[in-house]
Asker: 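Take a look at the following structure, please.
These numbers come from a predicted model, not from an experiment. Here is the naming used below: chain letters follow the sequence lines, and residue numbers restart at 1 for every chain.
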Number of protein chains: 2
Amino acid sequence: MDYSISEVARYFGITVSALRYYDQVGLLHPAGRRGTVRIYGRDELRRLALIQLLHHDGMMSLADTTATLADKPPSGGSRHVVAESIRVMHHQIEQLRAAQHILEHLLTCPRDDPIRDCPVLRTQLEDTVDTALHANQTAELDTRMTNKDDSGRPET
Amino acid sequence: MDYSISEVARYFGITVSALRYYDQVGLLHPAGRRGTVRIYGRDELRRLALIQLLHHDGMMSLADTTATLADKPPSGGSRHVVAESIRVMHHQIEQLRAAQHILEHLLTCPRDDPIRDCPVLRTQLEDTVDTALHANQTAELDTRMTNKDDSGRPET
DNA sequence: CGTTGCGCTCAAGTTCACTTGAGCGAGCAC
DNA sequence: GTGCTCGCTCAAGTGAACTTGAGCGCAACG
C-alpha cells in the first residue's frame with residue numbers, strides 16, 4: 001500500500017528528481033513522510049497517472065495541470081482552463097493528422113526532392129501560404145489602424 | 001514576389017527574431033540579401049509553412065524538422081526520423097484523445113470532487129496504475145537479472 | 001566500524017526555442 | 001541634418017521543467 005519515491009519513479013517511468021520537483025511545486029505531494037522520507041499511497045499513484053496523462057500525453061503545462069487537479073468543484077476559474085484545454089487538444093489532433101499526412105507523403109513520394117518537386121505537396125503548401133497572406137491582409141489593416149499591438153497567431 | 005522579414009513575420013504569425021533565429025540555425029535561409037537585408041521568396045514561404053506544420057503543429061523539435069526538410073532523397077538517415085515522427089504523432093493523437101475524454105468527463109461529472117469521488121474516473125486511473133505496476137514488474141526483472149534472489153516489493 | 005545505498009535539502013546548472021539589449025547602418029521625411 | 005523606422009550583428013537573458021552537485025543522515029551489510 002506504500003511506495004517509496006524510487007518505486008513510484010520506476011513504475012511510472014519518471015525520475016526521482018521529477019517527483020521531488022512535483023512535490024515542491026505542489027502538483028503531487030506524498031501521502032506523508034516516514035521521518036524525512038516521502039511515502040506515496042494508492043491515491044497518489046492515481047493522481048500521478050492523471051498528471052502523466054494531462055501533462056505528458058496531453059501536453060498541458062504543469063501550471064494548468066495543477067489548476068485542473070486543484071478544482072474540487074470544476075466550476076472555479078479552472079473550468080475555463082479545462083474547456084480551453086479540450087479545445088486546444090482538439091485542434092492539436094487535427095494538426096497532428098495533417099503533419100502525419102505530409103510525413104507519410106514524404107516517405108512514399110517517388111520524387112527525388114518532394115519538397116521542391118512534388119506537385120501535390122507544392123500545391124498544398126501554396127494553399128497554406130495563400131491563406132497566410134490573405135489572413136494577414138485583413139489583420140494588417142487592423143494593426144495599421146490602431147498602431148502597434150500585435151499578438152497571437154492567426155490559427156491556420 | 002519578394003518579402004521582407006517583417007512581412008513574412010506578419011503573414012505567418014511569427015516574430016522577426018524567430019525568423020532570424022531560423023536563418024541562424026539553418027532551418028530557413030532567406031532567398032538572398034539586398035545589402036545586409038534578408039529577402040524571402042515564394043519558396044521560402046512554402047518552406048516556412050511546412051516548418052510551422054511540422055514544428056509548431058506537429059510538435060517536432062527544430063532539429064528533427066531541420067533533418068526532415070534536409071533530406072533530398074528521404075532515404076537518408078532522416079528517413080528514420082520521419083518514420084519515427086509518424087509513429088510518435090500517432091501515439092500522441094491517441095493520448096490526446098484519452099486526455100480530452102477525461103477532461104470532458106471532469107466538466108460533465110456531477111460529483112463534487114470527481115478526482116476522488118467519481119467511480120468511473122477512479123476505475124480508469126486504477127487500471128492505468130495497475131498497468132504501470134505490471135509493466136514494471138517485467139522491466140524490473142530485466143534490470144534484476146544480474147541480481148538474483150527476488151525482492152517482491154509490490155507490497156500487499 | 002567503515003562503506004554502500006537510498007533518501008534528504010538547497011542552490012545552481014541545463015536544454016530548447018527563442019527574446020532582448022546594446023550598438024550600428026541605410027533610407028526618407030520634414 | 002536630425003530624427004524615425006526598419007534592418008543588422010553578437011552576446012546575453014528568459015521560462016518551463018527538470019537535473020545535477022554538494023553535503024548530510026540513517027540503516028544495513030560484511
Asker: So does A:Ala49 get a backbone contact from the side chain of A:Gln52, meaning a donor-acceptor N/O pair under 3.5 Å?
Answerer: no
Asker: Rounded to whole angstrom units, what separation is found between the CG atom of A:Asp23 and the P atom of C:dG7?
Answerer: 14 Å
Asker: Measure CD/B:Gln24 against C1'/D:dA12 and give the value in whole Å, please.
Answerer: 13 Å
Asker: Can you give me the closest heavy-atom contact between A:Leu50 and A:Leu69, atom names plus distance?
Answerer: CD2-CD2, 3.7 Å
Asker: May I ask you to evaluate whether A:Tyr22 reaches the phosphate of D:dA17, defined as a side-chain N or O under 4.0 Å from OP1 or OP2?
Answerer: no
Asker: Provide, to the nearest angstrom, the distance between the CD atom belonging to B:Glu7 and the P atom belonging to D:dT5.
Answerer: 18 Å
Asker: Could you check how far CZ of B:Arg33 sits from P of D:dC6, rounded to whole Å?
Answerer: 19 Å
Asker: Could you tell me whether the phosphate oxygens of C:dT9, OP1 or OP2, come under 4.0 Å of any side-chain nitrogen or oxygen in A:Arg20?
Answerer: no
Asker: Roughly how many Å is it from CZ in B:Phe12 to C1' in C:dC18, rounded to a whole number?
Answerer: 19 Å
Asker: Nearest to the side chain of A:Ala18, heavy atoms from C-beta on, is which of C:dA17, C:dT19, D:dT19?
Answerer: D:dT19
Asker: At less than 4.0 Å, is any side-chain N or O atom of A:Thr36 found next to OP1 or OP2 of D:dG25? Yes or no.
Answerer: no
Asker: Between D:dA17 atom P and A:Met60 atom CE, what is the distance in whole Å?
Answerer: 11 Å
Asker: What's B:Arg38 touching, base or sugar-phosphate or nothing? Going by heavy atoms closer than 4.0 Å.
Answerer: sugar-phosphate
Asker: What does A:His55 touch in the nucleic acid at a heavy-atom separation under 4.0 angstrom: a base, only the sugar-phosphate, or nothing?
Answerer: sugar-phosphate
Asker: Checking the side chain of A:Arg47 only, and the main-chain atoms of A:Leu27 only, is there a donor and an acceptor separated by less than 3.5 Å?
Answerer: yes
Asker: Rounding to an integer number of Å, can you tell me how far A:Ile5 CD1 sits from D:dC18 C1'?
Answerer: 13 Å
Asker: Should the pair A:Asp127-A:Arg122 be classified as a salt bridge under the 4.0 Å nitrogen-to-oxygen rule?
Answerer: no
Asker: As a test of reading the structure: which of C:dA17, C:dG7, D:dG7 is closest to the side chain of B:Tyr21, going by heavy atoms?
Answerer: C:dA17
Asker: With the side chain of A:Thr15 defined as its heavy atoms from C-beta on, choose the nearest nucleotide among C:dT9, C:dG7, D:dT19.
Answerer: D:dT19
Asker: For B:His90, run the side chain to side chain donor-acceptor pair (under 3.5 Å) check against B:Arg87, B:Glu94, B:Gln92 and tell me which one passes.
Answerer: B:Glu94
Asker: Would you kindly give the CG-to-C1' distance between B:Leu19 and D:dC8, to the nearest whole Å?
Answerer: 14 Å
Asker: To the side chain of B:Ser6, which of C:dT9, D:dC6, C:dA17 is closest?
Answerer: D:dC6
Asker: For B:Arg34, report the nucleic acid contact type (base, sugar-phosphate, nothing); a contact means any heavy atom under 4.0 Å.
Answerer: nothing
Asker: Under 4.0 angstrom, heavy atoms only, what part of the nucleic acid is B:Ser17 near: base, sugar-phosphate, or nothing?
Answerer: base
